[in-house]
Amino acid sequence: MAVYAMTGGATGIGAAVKTRLREEGHEVIVVDIHDADVIADLSTPEGRALAVAGIRERAPGGLDGFVPCAGLGPYVEPLSRICQVNYFAAVATTEGVKDLLAQRRGCVVMISSNSASMPGYDPQFIELLLAGDEAAACALIDTLDGQTAYGGSKLGLTRWMRRNSTAWAQAGVRLNAVAPGITRTALTDGVYQDPRFGQIMKEFGDSVPTGSIARPEQIASAVCYLLRPEADFFCGAVLFVDGGHDAMLRPDQF
Ligand code: NAD
């Protein structure tokens with residue numbers, strides 16, 4: 001039996017990951033703003049500290065894996081909340097459990113998005129994320145738009161993972177990411193209902209090459225695979241699980 005921790009396990013993709021891991025007999029420590037072992041609001045530094053302390057208390061023997069899955073969609077306001085949860089909370093909680101992961105040669109599966117590789121990001125926003133300047137990143141993103149905030153938060157997170165994967169592997173912790181495509185969850189329901197994004201999202205969903213949007217379980221199976229010992233040569237990888245959208249949209253960018 002392995003010991004895993006994750007954020008955002010109350011609903012959607014995270015709930016599917018939690019369910020699958022528990023069905024396989026593993027221990028899963030869940031952090032979320034509701035319905036979790038550790039209740040914490042990850043948009044604040046205090047909430048992130050609470051989350052890390054809660055995991056540390058429950059996993060004194062270390063962790064085999066960590067999945068920072070909590071996230072907010074592009075319709076959430078203020079937009080700074082998107083980068084606080086999607087980027088700063090994912091990085092802070094991952095850093096906060098690094099030594100627990102190293103103890104058991106564990107791994108991290110970040111939850112990116114196929115939005116991360118789409119055009120239209122703001123280079124300065126990405127630089128501020130990667131510099132760890134939360135105040136400046138939040139101030140800038142509040143002047144931009146939801147798609148730039150969402151896609152940018154996921155691009156920043158994926159670059160953070162790629163930049164750190166060598167040093168972390170040398171310290172005994174592998175970092176990888178799953179980049180889901182459009183998946184039926186509370187987050188996408190919110191996007192569908194938003195007058196600014198609803199129609200675009202519907203058309204995007206209709207254009208998935210394999211024919212339909214994903215169920216959370218289809219994303220969870222990739223996350224759980226990367227957590228398993230048999231995936232122990234994956235390091236710094238970004239696994240697109242998106243019904244072919246990324247390949248359709250940028251076939252030659254490889
Ligand atoms: P969801 O809304 O069902 O799940 C998000 C989870 O994060 C919820 O359990 C929620 O309570 C938690 N959360 C949100 N804000 C929080 C906060 N401040 N503190 C603590 N927990 C908080 O949505 P989902 O689609 O399952 O999203 C899971 C992850 O997958 C997110 O990182 C999202 O960006 C990513 N993703 C989703 C899609 C999609 O189409 N649904 C596509 C690509 C990536």
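One-based numbering, in listed order, for ligands and for the atoms of each.
For Asp145, there are no salt bridge (Lys or Arg N to Asp or Glu O under 4.0 Å) partners two or more places apart in sequence or in a different chain. Partners of Tyr225 by ring pair (Phe, Tyr, Trp, His ring centres under 6.0 Å), not counting sequence neighbours, listed by chain and number: Phe234.
Within the structure, salt bridge (Lys or Arg N to Asp or Glu O under 4.0 Å) contacts touching residues 14-24 (residues at least two apart or in different chains) are Arg20-Glu24, Arg22-Asp37, Glu24-Arg228.
Within 4.0 Å of ligand 1, the residues that place a heavy atom are Gly8, Ala10, Thr11, Gly12, Ile13, Asp32, Ile33, His34, Ala40, Asp41, Leu42, Ser43, Cys69, Ala70, Gly71, Leu72, Arg81, Val85, Ile111, Ser112, Ser113, Tyr150, Lys154, Pro180, Gly181, Ile182, Thr183, Thr185, Ala186, Leu187, Thr188, listed by chain and number.
Ring geometry for Trp160 against Trp168 counts as perpendicular: the plane angle is over 60°, on a 0 to 90° scale with 30° as the lower cut.
A salt bridge does not link Asp41 to Arg48: none of the charged side-chain nitrogens sits closer than 4.0 Å to a carboxylate oxygen.
A donor-acceptor pair shorter than 3.5 Å cannot be found between the side chains of Thr93 and Thr7.
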